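Taking it in order: structure first as structure tokens, then the write-up.
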There are 2 protein chains.
Amino acid sequence: MVEPRYQRRKEDRPQEISEAAFEVFAAKGYAASRVDEVAKRAGVSKGLLYLYFKTKEELFKAVIKSVVTRRVDALLLAVEETELSSEAFMRGPLLDFMKQIPRSPVAVVVRLLIAEGQRHPDLVDYYWDNVVSKGLTVIARFVERGVERGEFRDTAVRELPQLVLAPMMLSMIWRMLFTKHELDTDKLMDTHIEMILAYIKA
Amino acid sequence: MVEPRYQRRKEDRPQEISEAAFEVFAAKGYAASRVDEVAKRAGVSKGLLYLYFKTKEELFKAVIKSVVTRRVDALLLAVEETELSSEAFMRGPLLDFMKQIPRSPVAVVVRLLIAEGQRHPDLVDYYWDNVVSKGLTVIARFVERGVERGEFRDTAVRELPQLVLAPMMLSMIWRMLFTKHELDTDKLMDTHIEMILAYIKA
DNA sequence: ATACTTACTGACCCAACGGTCATTAAGAGA
DNA sequence: TCTCTTAATGACCGTTGGGTCAGTAAGTAT
């Protein structure tokens, strides 16, 4: 009985290669990653990789997009469908969301974008359209609804949803760089939400 | 009269090369920057560059350090020497500082660190020791002083100075990535300081 | 003037890497 | 079982770019 040298698995290859690429890019950044290494980690020859992805750059873009696309719309739905009060929603689902993101692959994507964004403006656009813009809109709409319901005062937070997310960004950066100096990012965000609520509550 | 082909300026070269390198690294990131281009921009041959810097990596480190070292201690002094009330200091010098940083070369350094930090842990350590750690200590001490004077309540902000700086971080990232979608970062920080003060004022 | 030191140049080296393609063999269909 | 399609391989190629070093000439000392 002869072990076959490889199997043909046309369906699974792109996904497998993309996942391997994510790991390598995450560890080394785009420029320092080697296509050979991606192929090796995917258990595939370099030639095959180039059968599914035209260039290294296209592979990079595909990776970013696949990570982003998978996990965006959960929160967006939650806001629209929740029956919680605005305050309870902020303390609950929104806060949880903010705590999760810095630990998720999204953080890696953000790092890659910061590093390579200047050279891949179309990627930044994509990320803007599919993540940032959506997220900000949702938060803005959520705050507006609070105002309409008389739960919140009409403050600058209404037009600056970034205020809500700022400590999430800081936590992401912190975890990327200063792992050895630990920071209680959960408490950071707890306190921040507390502070915002105290500021905007009617 | 013969124009000399070059001048010997042993004293100035390292500085000039380092400045050129900063520009190139800022524009392209470390990996995508070419030593030849740095040399060209510094008006110098590649060989000379290698006379002053052993490797590209050493050049990178020297650049980061020179940018950082130059502009750190101003704020630190200001806190110790100010005669303003804690609230006035936050609304004044501290707020100004936070508004300036995202527009300064420090922002570039942060981007380079985020991009390359994993591969240069000693650089991250250096940045931690000389910038982040100092900055946080100063803010923490400042808040503590406010508490001691009875101007501030004793809140979590005391042990989480990151709370104060979070919107500054977000503004830095924003300016790096989303230049085309403008954000009023000054207003962002104004509002944030407003919010913190409302939260911690006695 | 002359001899000497050394800052500076730029042609060169070679390993590494992105990308190609002739060849192989897995697996489906008849 | 034979044929045919095409997924997959891996040796190979051209270029790029970090790093070197023999040679040159700017400046200095005598």
Side-chain angles (χ1 to χ4, degrees), chain A residues 1-64 112 115-116 119-120 123, chain B residues 1-64 112 115-116 119-120 123:
Chain A
M1 165 155 180
V2 187
E3 198 81 343
R5 298 244 303 272
Y6 53 81
Q7 284 158 22
R8 311 172 125 216
R9 304 210 327 280
K10 187 182 160 88
E11 311 301 320
D12 307 333
R13 295 306 194 194
Q15 169 84 346
E16 287 171 16
I17 294 170
S18 166
E19 272 166 24
F22 175 76
E23 289 166 25
V24 177
F25 288 146
K28 311 204 169 182
Y30 174 76
S33 294
R34 305 295 154 223
V35 175
D36 277 302
E37 193 183 339
V38 172
K40 194 174 177 187
R41 187 177 288 234
V44 140
S45 72
K46 190 164 68 165
L48 186 66
L49 188 154
Y50 275 97
L51 204 66
Y52 293 110
F53 301 93
K54 276 197 195 55
T55 63
K56 182 187 179 189
E57 186 171 327
E58 198 196 81
L59 172 63
F60 182 61
K61 291 180 181 177
V63 167
I64 298 286
L112 291 172
E116 301 292 332
R119 319 225 298 147
H120 300 279
L123 254 187
Chain B
M1 164 151 182
V2 186
E3 199 79 343
R5 298 243 302 270
Y6 55 81
Q7 284 158 22
R8 311 172 124 217
R9 302 211 327 281
K10 187 183 161 90
E11 310 303 321
D12 306 334
R13 296 304 194 194
Q15 169 84 346
E16 288 170 15
I17 293 170
S18 166
E19 273 166 24
F22 175 75
E23 290 166 25
V24 176
F25 288 146
K28 311 204 169 181
Y30 174 76
S33 294
R34 305 295 156 224
V35 176
D36 277 301
E37 192 183 339
V38 172
K40 195 174 175 186
R41 190 178 285 235
V44 140
S45 72
K46 191 164 67 167
L48 185 65
L49 188 155
Y50 275 98
L51 203 65
Y52 292 110
F53 301 93
K54 276 197 194 53
T55 63
K56 182 188 179 187
E57 186 172 327
E58 197 197 82
L59 173 63
F60 182 63
K61 291 179 180 176
V63 167
I64 298 286
L112 292 172
E116 301 291 331
R119 321 228 293 150
H120 301 278
L123 254 188

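All chains are named by letter (A, B, ...) in the order of the sequence lines, taking the proteins before the strands, and each is independently numbered beginning at 1. Because the structure is predicted, anything quoted here is derived from the model rather than measured.
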[X] has a side chain; which of [options] sits nearest to it?
X	options	value
B/Gln7	D/dG27, C/dG19, C/dC8	D/dG27
A/Val35	C/dA7, D/dA8, C/dG18	C/dG18
B/Arg13	D/dG10, D/dA7, C/dC8	C/dC8

ask   = Is it true that the NZ or CZ of A/Lys56 lies under 6.0 Å from the centre of A/Tyr30's six-membered ring and within 45 degrees of the ring axis?
value = yes
request  = Grab the two heavy atoms, one from A/Ser33 and one from A/Phe25, that are nearest each other, plus how far apart they are.
outcome  = OG-CD2, 3.3 Å
note = Minimal heavy-atom distance between B/Ala20 and B/Val38, with the atoms involved, is CB-O, 3.8 Å
ask   = Closer to the 5' end of DNA chain D via nearest nucleotide, is it B/Leu48 or B/Asp36?
value = B/Asp36
Nearest-angstrom distance from the residue atom [atom1] of [X] to [atom2] of [N]:
X	N	atom1	atom2	answer
A/Ile17	D/dA7	CD1	C1'	11 Å
A/Glu11	C/dA28	CD	P	12 Å
A/Lys56	C/dC17	NZ	C1'	8 Å
A/Leu49	C/dC21	CG	C1'	16 Å
B/Arg9	D/dG27	CZ	C1'	14 Å
A/Lys40	D/dG10	NZ	C1'	14 Å
A/Leu51	C/dC21	CG	P	13 Å
A/Tyr50	D/dG10	OH	P	17 Å

task = Mind checking A/Phe53 for me? I need base, sugar-phosphate or nothing, with any heavy atom below 4.0 Å counting as a touch.
result = nothing
ask   = Checking salt bridge (charged side-chain N to carboxylate O under 4.0 Å, His left out) for the pair A/Lys40/A/Glu37: CA distance, chi angles, key distance, verdict?
value = CA-CA 5 Å; A/Lys40 194 174 177 187; A/Glu37 193 183 339; over 6 Å; no
message = So, under a plain 3.5 Å distance rule, would you say the side chain of A/Arg8 forms a donor-acceptor pair with the base of D/dT6?
response = yes
task = May I ask you to verify whether the side chain of A/Lys46 and the base of C/dG19 hold a donor-acceptor pair under 3.5 Å?
result = yes
task = Please determine if a side-chain N or O atom of B/Arg34 lies less than 4.0 Å away from the OP1 or OP2 oxygen of D/dT16.
result = no
ask   = Between B/Tyr52 and C/dA7, does any side-chain N or O lie under 4.0 Å from OP1 or OP2?
value = no
query = Between A/Ala32 and A/Lys54, which is nearer to the 5' end of DNA chain C once each is assigned its nearest nucleotide?
reply = A/Ala32
query = Can you check salt bridge (charged side-chain N to carboxylate O under 4.0 Å, His left out) on B/Glu58 and B/Lys61, steps first, answer last?
reply = CA-CA 5 Å; B/Glu58 197 197 82; B/Lys61 291 179 180 176; over 6 Å; no
